[in-house]
Amino acid sequence: MNRFVEEIKEILKTEVDLSEEEIERIIEIPPEEKLGDYAFPCFILAKRLKKSPEKIASNLLEKLKPKDLIEKIYSIGPYVNFRVNKKKLAEFVLTDIFEKNKSYGKDILGEGKTIVIDFSSPNIAKPFGVGHLRSTVIGNSLYKIFEHLGYKCIGVNHLGDWGTQFGKLIVAYKNWGDEKKLSSDPIMTLFDLYVKFHQEAEKKPELEDDARSWFKKLENGDEEAKKIWQRFKDYSLKEFEKIYLMLEISFDSYAGESFYNKYIDQTIEEVQKKGLAEKSQDALVVNLKKFNLPVCLLRKKDEATLYATRDITAAIYRYKTYRFHKLLYVVGSAQKLHFQQVFKVLELMGYPWAKDLVHVDFGWIKFEKKILSTRKGDVIFLEDVLKKSIEIALDIIQKKNPDLEKKDEVAFEVGIGAVVFADLSTKRQKDINFDWEEVLDFEGQTGPYIQYTHARLCSLIRKYGKPVKKDVDFSVFSLEEEYSIIKKLDDFPRKIKITAEMYEPSILCSYLLDLCSVFNRFYQKERIITDDKNSTDSRIFMIKGVKTVIELGLNLLGIKAPERM
RNA sequence: GCGCCUAUAGCUCAAUUGGAUAGAGCAUCGGACUUCGGAUCCGAGAGUUGGGGGUUCGAGUCCCUCUAGGCGCGCCA
């Protein structure tokens, strides 16, 4: 815990009839800096003491005395506000960052706990569209953030490699497949087949039955079906690897839906033994009516299994294997009901860990205000988006910094960073309108803005030309702008924790934007490197701290921080 | 029909989960020291937080209701 809050607690605890925990919970950071560094709102006491919060605040003020770290106490309306000792703040925060470097904000919160994160999970034989970006980057970022907080993370790519869709593909392949096309451009060919199937099935619904029976065959281990399936899967995985390589994302497990096939009978038996399963319209279901949920289907009338059956099986397997503290499903909000059903069935099966399953849901990526439907063939390939963004980044570099070395490498990092940041910076649950212009705009609240600020900081440190060392003079920090920067830096560990608690990388995004903005304001106003050695050393020490935190923050989002751009 | 999600400046989004005067970016207009990176910074205009009611000392945030959009509701995933 923050030493300043600690001291405020010390100051308050003898004068206020609240427990230390309560005081700590109530202490807040004012919305505007000029109001103070910390505040204690008196509303809660108002009811108990039957006095107005303004009165309580002013009465309290008379009894409170500044201490070591807190140098000023005053009240504004119903708040008691505290000002910290700037010199001490600067010393603590900047030294802490300097010593811990990339471990700044690390925590023991997650010690000994494992978090399994199910993310990305693309469907085999379908192109990797922009729609898959969200799960991929949110999951990746949460992975890194939880790791920073001391958790052991297991990233699972729950590949959509099983199900009736493969029956559809096999039918389409057998009817209209072109061997030559398939080997030369597998993903596009498979995608075309998938779209073609849906077009044809509108006219000839019996195709759907064919598809179902081929999937049934696949599930029963039919050799031909299996061979075709394996081939499609291999093609797809190769394609997905390209994307993961670009984004530098890796997984600890690729156990997809097909992986659980061998455990599925066991699951169904278990559900039946626990008296939860019943026959209904020739299918095997779990009735969840009591809980205001629709029935959960375990087996179709042709005995083939469903998505829910496989997810239930997967959760049990994951618990046995990892003993997770939490299992996060980073999956679109369209599947909310599905997860409610799955979680409920697991709860009814008597697994106490069912409460540790979390659906980290998110909204759609819409294109021109419409939702893309893979079935209908509208898709924007993620690879194209990333490439286009890299291209634009390169153009800008040519224009603004033609002498830069390793332009391609930097353009790559900036281009990818722009797309990833654009996706992460909006709150999960909102739909995103995918707009080329907005995503590829590198000014304002964007990834490149943060990267640019980072590059500028690096440039300053290079110019300084000496190794940055600690034990600088902290009393030179007297400007409001410097103070804002230091306070922001101090807030980083707290923000990381909130980001994790809410499974919301956008919180870290807006933190980084704030930090950059506060620094840029200072930079624009003040010179950092001057003839005054004392002040230069101190300011560079602070600059180093800002650089460290920005780089760390970007990395936790899965974004690179180039030193020049 | 029922359930869930969303609605904040012309546009894209914030608001520390019920607290102080609702803040940023984009776009528009005006501006920035002959030395540190102008992908930057400063200023201006722009708001009945979709409408209405309620709870509360206090509501963009909670409850009710209406409107608009989205998603989901048994053999897809």
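Order of the sequence lines fixes the chain letters, A, B, ..., with proteins taken first and strands second; residue numbering starts at 1 for each chain.
Residue-level contact check: A:Gly163 touches the backbone only, with heavy atoms under 4.0 Å from sugar-phosphate atoms and none from bases. If you check every strand for non-hydrogen atoms under 4.0 Å, A:Gln340 touches nothing. Within 4.0 Å (heavy atoms only), A:Ser280 reaches at least one base atom of the nucleic acid. Across all strands shown, A:Leu297 has heavy atoms under 4.0 Å from base atoms, whether or not it also approaches the sugar-phosphate. As judged by a 4.0 angstrom heavy-atom cut-off over every strand, A:Pro30 is placed among the base-contacting residues. No contact: A:Asp302 has no heavy atom under 4.0 Å from any strand. At a threshold of 4.0 angstrom between heavy atoms, the contacts of A:Arg212 are confined to the sugar-phosphate backbone, with no base atom among them. Backbone-only contact: A:Ala334 has heavy atoms under 4.0 Å from sugar-phosphate atoms and none from a base. Residue contacts for A:Gln451: at a heavy-atom cut-off of 4.0 Å it reaches no nucleic acid atom on any strand shown.
One distance of note links OG1 of A:Thr305 with CG of A:Asn261; it measures 6.0 Å at 0.5 Å rounding.
The separation of B:U48 from B:G69, taken at their C1' atoms, amounts to 22 Å, rounded to a whole angstrom. Taking atom P on both B:U49 and B:U21, the two are 15 Å apart, rounded to the nearest angstrom. Atom P of B:G45 sits at a distance of 14 Å from the matching atom of B:G25, rounded to the whole Å. Comparing the C1' positions of B:U28 and B:C73 gives an interatomic distance of 47 Å, to the nearest angstrom. Comparing B:G51 with B:A9, their P atoms are spaced 10 Å from each other, to the whole Å.
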Under the side-chain hydrogen bond (donor to acceptor under 3.5 Å, both in side chains) criterion, do A:Ser213 and A:Asp302 qualify, and how do the steps go? CA-CA 8 Å; A:Ser213 81; A:Asp302 69 0; over 6 Å; no

Should A:Ile485 and A:Tyr523 be marked as a side-chain contact (heavy atoms from CB on, under 4.5 Å) after you check the CA-CA gap, both sets of side-chain angles, and the distance that decides it? CA-CA 11 Å; A:Ile485 293 170; A:Tyr523 173 83; over 6 Å; no

What verdict does the side-chain contact (heavy atoms from CB on, under 4.5 Å) test give for A:Phe40 and A:Leu12, after you've listed the backbone C-alpha separation in whole Å, the side-chain angles of each residue and the deciding distance to 0.1 Å? CA-CA 9 Å; A:Phe40 179 79; A:Leu12 281 170; 3.6 Å; yes

Please test A:Tyr194 against A:Leu190 for side-chain contact (heavy atoms from CB on, under 4.5 Å), starting from the C-alpha separation and ending with a verdict. CA-CA 6 Å; A:Tyr194 186 73; A:Leu190 287 174; over 6 Å; no

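Figure legend. B:A15 is base-paired to no nucleotide; pairs are counted as Watson-Crick or G-U wobble with both atom distances under 3.5 Å. The partner of B:C29 is B:G43, by the rule that a Watson-Crick or G-U pair needs both atom distances under 3.5 Å.
Among the nucleotides B:A77, B:U16, B:U12, the one closest to any side-chain atom of A:Arg310 is B:A77.
When the side-chain nitrogen and oxygen atoms of A:Thr164 are compared with OP1 and OP2 of B:A77, one or more of them lie within a distance under 4.0 Å. A sub-4.0 Å separation between OP1 or OP2 of B:A15 and a side-chain N or O of A:Lys427 is present.
Ring centroid separation for the pair A:Phe492 and A:Tyr511 comes in under the 6.0 Å cut-off. For A:Phe215 and A:Phe166, the gap between ring centers reaches or exceeds 6.0 Å.
Remark: A:Phe339 pairs with A:Tyr329, A:Phe343, A:His359 by the ring pair (Phe, Tyr, Trp, His ring centres under 6.0 Å) rule, at least two apart or across chains.
At a cut-off of 3.5 angstrom, counting only N and O atoms as typed in the model, there is a donor on one side and an acceptor on the other between the side-chain of A:Asn81 and the base of B:A20.
Taking atom CZ on A:Phe339 and atom C1' on B:G72, their separation rounds to 14 Å, with Å as the unit. The separation between A:Asp441 atom CG and B:A24 atom P is 19 Å, rounded to whole Å.
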Footprint string (nucleotides 33-41 of chain B, 5' to 3'): B base within contact, S backbone only, - free, heavy atoms under 4.0 Å: --BBBSBBS

